[in-house]
J.: 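Once you've had a glance at the structure underneath, I'll fire off some questions.
Both ligands and their constituent atoms are indexed starting at 1 by order of listing. All values derive from a computational prediction rather than experimental measurement.
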Amino acid sequence: MKTILLKNRPKGRPTVSDFEFIESEAPSEIKEGEMLLETAYVSVDPYLRGKMNDVKSYTPPFELNKPIHSGIVAKVVASKHADYKPGDYLAGMLDWKTQQVSNGEGLIKVDETKAPLSAYLGILGMTGLTAYLGLTEIGKPKKGETLVVSGAAGAVGSVVGQIGKILGLKVIGIAGSDEKVDLLKSKFGFDEGINYNTTDDMTAAIKKAAPEGVDIYFDNVGGPISDAVLFNINQFARLIICGAISVYNNTELPKSISVQPFLVRNSALMQGFIVFNYHEKYPEALKQLSAWLAEGKLTYSETIVEGFENIPQAFIDLFDGKNKGKMVVKI
Ligand SMILES: NC(=O)c1ccc[n+]([C@@H]2O[C@H](COP(=O)([O-])OP(=O)(O)OC[C@H]3O[C@@H](n4cnc5c(N)ncnc54)[C@H](OP(=O)(O)O)[C@@H]3O)[C@@H](O)[C@H]2O)c1
């Protein structure tokens with residue numbers, strides 16, 4: 001079996017040499033209450049970059065020379081666990097290993113007849129929950145309002161925009177290529193899209209797309225894109241700070257404009273969002289996401305990379321925007 005360890009704490013942008021692959025004997029025995037799992041799909045996510053730094057955050061950092069872990073869907077291949085049998089699929093936080101022993105703690109059973117297995121890492125997993133709970137709990141959307149979403153063609157952003165449309169908002173997405181901007185409008189139903197890589201004046205572009213001003217900003221990227229949104233916010237705007245991928249690889253503190261005058265002038269709310277703080281709302285949120293999926297009101301995109309050996313590169317590719325929708329590795 002294969003395992004991927006964190007070899008170095010990346011300096012700036014991660015490289016494949018920051019990871020180490022090791023081969024070892026597969027576990028031959030399981031104890032009472034345990035299962036042997038075989039990895040089927042691995043989620044790679046921008047937040048993993050923060051856990052590669054030796055800094056305190058909402059979860060502890062990865063340890064050097066220990067396996068990385070992330071959201072994984074795995075198949076039960078042998079079981080001495082009362083609740084699970086061979087052939088079942090489970091999802092949860094697991095190590096980047098092709099096989100591993102688990103006692104089932106923190107894992108949930110997923111049903112491949114209801115949705116493709118990879119969807120439990122995206123729209124029916126952490127990123128879908130983030131989109132729904134971030135937008136509804138902090139954004140508190142009201143019909144007719146204007147929502148701007150950055151990182152709009154990614155896993156979280158593409159779902160945020162669609163939920164915005166379901167809830168009766170005008171939705172403007174910001175993404176990194178013309179192809180992604182087309183996807184926002186053609187597949188996900190956004191009203192407007194802006195390619196930040198070909199737009200010199202983002203403040204003016206947002207003003208043009210939202211002449212009535214911005215009531216809700218769902219921020220996945222931080223940096224200059226988010227600064228430009230601030231110039232366009234309305235009175236009582238809500239700014240949901242979900243992520244800041246544009247600065248995750250910075251080695252120095254980024255230079256940013258001062259947000260306070262914008263917030264004071266507009267009586268605006270800016271709040272950091274961490275999905276794990278809303279775990280008691282997961283069942284209700286998943287019920288709603290599943291219902292919208294079944295009704296055809298929600299859809300999703302995935303970029304599926306094949307092969308355990310490609311997990312580190314798939315992770316690094318997030319920082320080059322190589323994914324549309326959720327980036328997942330199929331083993
Ligand atoms: N707070 C929470 O609980 C929580 C939970 C899940 C995710 N998040 C955060 O939400 C954000 C989106 O996560 P995700 O899983 O949905 O990832 P994602 O959006 O599917 O993938 C990352 C995307 O970020 C964009 N990007 C990369 N570098 C950029 C830059 N310098 N400036 C602007 N955009 C850049 C790329 O798209 P382009 O081609 O458009 O540049 C890329 O496709 C991340 O910041 C993540 O950390 C937070």
Side-chain angles (χ1 to χ4, degrees), residues 12-14 42-53 57-59 70-71 93 118 121-123 125-135 137-139 148-163 172-184 188 190 193-199 202 217-229 239-250 254 256 270-279 281-282 285 300-305 314-329:
R13 198 188 143 79
V42 177
S43 175
V44 287
D45 304 86
Y47 79 91
L48 299 173
R49 176 65 186 86
K51 286 172 69 73
M52 291 171 191
N53 297 333
S57 184
Y58 55 96
T59 57
S70 70
M93 297 301 280
S118 54
L121 299 176
I123 190 136
M126 195 261 289
T127 53
L129 288 167
T130 299
Y132 179 84
L133 292 167
L135 182 61
E137 294 291 320
I138 298 179
V148 170
V149 187
S150 57
V156 173
S158 58
V159 180
V160 171
Q162 292 180 79
I163 297 175
I172 297 149
I174 302 171
S177 70
D178 287 345
E179 198 191 346
K180 287 189 179 183
V181 166
D182 285 346
L183 188 73
L184 294 182
F188 299 124
F190 285 54
I194 301 169
N195 175 354
Y196 71 88
N197 276 320
T198 54
T199 303
M202 281 299 292
Y217 175 45
F218 197 107
D219 189 2
N220 284 314
V221 306
I225 293 172
S226 301
D227 290 350
V229 176
L239 291 84
I240 306 146
I241 310 304
C242 174
I245 192 168
S246 74
V247 298
Y248 287 174
N249 290 327
N250 279 21
S256 228
M270 180 184 248
Q271 188 176 336
F273 171 82
I274 296 291
V275 67
F276 307 122
N277 292 333
Y278 295 83
H279 55 88
K281 304 219 161 164
Y282 288 1
Y300 62 97
S301 284
E302 294 174 323
T303 297
I304 299 190
V305 171
F315 164 67
I316 294 164
D317 284 347
L318 291 168
F319 298 95
D320 289 326
K322 294 217 175 135
N323 59 309
K324 292 190 203 87
K326 182 77 191 92
M327 181 77 104
V328 180
V329 182

J.: Counting heavy atoms only, which part of Val156 comes closer than 4.0 Å to ligand 1: side chain, backbone, both or neither?
T.: both
J.: As an exercise, identify every atom of ligand 1 less than 4.0 angstrom from a heavy atom of Thr127.
T.: 15 (O)
J.: Measuring from atom OG of Ser150 to atom OH of Tyr217, what distance do you get when rounded to the nearest 0.5 angstrom?
T.: 3.0 Å
J.: Could you tell me, atom by atom, which parts of ligand 1 come under 4.0 Å of a heavy atom of Ile274?
T.: 1 (N), 3 (O)
J.: So, are Arg13 and Asp320 salt-bridged, with charged N and O less than 4.0 Å apart?
T.: yes
J.: For atom 13 (O) of ligand 1, what is the nearest protein heavy atom, given as residue, atom name and distance?
T.: Pro46 CG, 3.7 Å
J.: Return the closest protein heavy atom for atom 19 (O) of ligand 1 as residue, atom name and distance.
T.: Gly154 CA, 3.3 Å
J.: Give me the residue, atom name and distance of the protein heavy atom closest to atom 28 (N) of ligand 1.
T.: Phe319 O, 3.7 Å
J.: To the nearest 0.1 Å, how far is atom 37 (O) of ligand 1 from its closest protein heavy atom, and which atom is that?
T.: Lys180 NZ, 3.3 Å
J.: Give a yes/no verdict on whether any heavy atom in Met327 is under 4.0 Å from an atom of ligand 1.
T.: no
J.: Evaluate Gly157 for polar contact with ligand 1, using N/O atom pairs at a separation under 3.5 Å.
T.: no
J.: In the structure I gave you, are the side-chain heavy atoms of Asp219 and Val229 within less than 4.5 Å of one another anywhere?
T.: no
J.: What's the spacing between Ile138 CD1 and Phe218 CZ if we round to 0.5 Å?
T.: 8.0 Å
J.: Are any of the N/O atoms in Val275 less than 3.5 Å from those in ligand 1?
T.: yes
J.: Could you tell me the residue and atom name of the protein heavy atom closest to atom 43 (O) of ligand 1, and the distance to it rounded to 0.1 Å?
T.: Asn323 OD1, 2.5 Å
J.: If we only consider heavy atoms of Gly325, is any one of them less than 4.0 Å away from an atom in ligand 1?
T.: yes
J.: Side chain to side chain contact (heavy atoms under 4.5 Å, CB included) with Val275: which of Glu137, Met126, Lys281?
T.: Met126
J.: Can you figure out which of Ile225, Ile245, Asn220 has its heavy atom closest to atom 12 (C) of ligand 1?
T.: Asn220
J.: Counting each atom of ligand 1 from 1 as listed, which ones have a heavy atom of Thr130 under 4.0 Å away?
T.: 4 (C), 5 (C), 6 (C)
J.: Just to be sure I'm reading this right: ignoring hydrogens, which of Tyr58, Tyr196, Tyr47 gets closest to atom 41 (O) of ligand 1? Compare them by their nearest heavy atoms.
T.: Tyr196
J.: In terms of atom number and element, which parts of ligand 1 are under 4.0 angstrom from non-hydrogen atoms of Ala175?
T.: 40 (O)
J.: If you have a sec, work out which protein heavy atom is nearest atom 47 (O) of ligand 1 and how many Å separate them, to one decimal?
T.: Tyr248 OH, 2.8 Å
J.: Could you tell me whether Ile174 and ligand 1 have an N or O pair separated by under 3.5 Å?
T.: no
J.: Between OG1 of Thr130 and CD1 of Ile240, what distance do you get to the nearest 0.5 Å?
T.: 11.5 Å
J.: Could you tell me which atoms of ligand 1, counted from 1 in the order shown, lie closer than 4.0 angstrom to a heavy atom of Ser246?
T.: 30 (C), 31 (N), 32 (N)
J.: Any nitrogen or oxygen of Asp45, main chain or side chain, under 3.5 Å from a nitrogen or oxygen of ligand 1?
T.: no
J.: For ligand 1, note which part of Asp320 has a heavy atom under 4.0 Å away: side chain, backbone, both or neither.
T.: neither
J.: For atom 6 (C) of ligand 1, find the nearest protein heavy atom and state the residue, atom name and distance (0.1 Å precision).
T.: Met126 SD, 3.5 Å
J.: Once rounded to the nearest 0.5 Å, what's the spacing between atom OG of Ser118 and atom NZ of Lys326?
T.: 10.0 Å
J.: Where's the contact between Lys326 and ligand 1, heavy-atom distance under 4.0 Å: side chain, backbone, both or neither?
T.: neither
J.: Quick one: pull up CZ in Phe276 and CD1 in Ile274 and give me the separation to the nearest 0.5 Å.
T.: 7.5 Å
J.: Crowded around Lys324 NZ? As in, over 12 foreign heavy atoms under 6.0 Å?
T.: no
J.: Please identify which of these residues, Val149, Ile241, Ile245, meets the side chain to side chain contact (heavy atoms under 4.5 Å, CB included) condition with Asn220.
T.: Val149
J.: Closer than 4.0 Å to some heavy atom of Ala155 - which atoms of ligand 1 meet that?
T.: 16 (O), 18 (P), 19 (O), 20 (O)
J.: One residue to check: Lys322. Relative to ligand 1, which of side chain, backbone, both or neither has a non-hydrogen atom less than 4.0 Å away?
T.: neither
J.: May I ask you to list the atoms of ligand 1 that are less than 4.0 angstrom from any heavy atom of Phe273?
T.: 1 (N), 2 (C), 3 (O)
J.: Given Cys242, Ala244, Gly243, Ser301, which has its nearest heavy atom closest to atom 48 (C) of ligand 1?
T.: Cys242
J.: Please list the nearest protein heavy atom to atom 42 (C) of ligand 1 with its residue and the distance rounded to 0.1 Å.
T.: Leu318 O, 3.2 Å
J.: May I ask whether Phe276 has any heavy atom positioned less than 4.0 angstrom from an atom of ligand 1?
T.: no
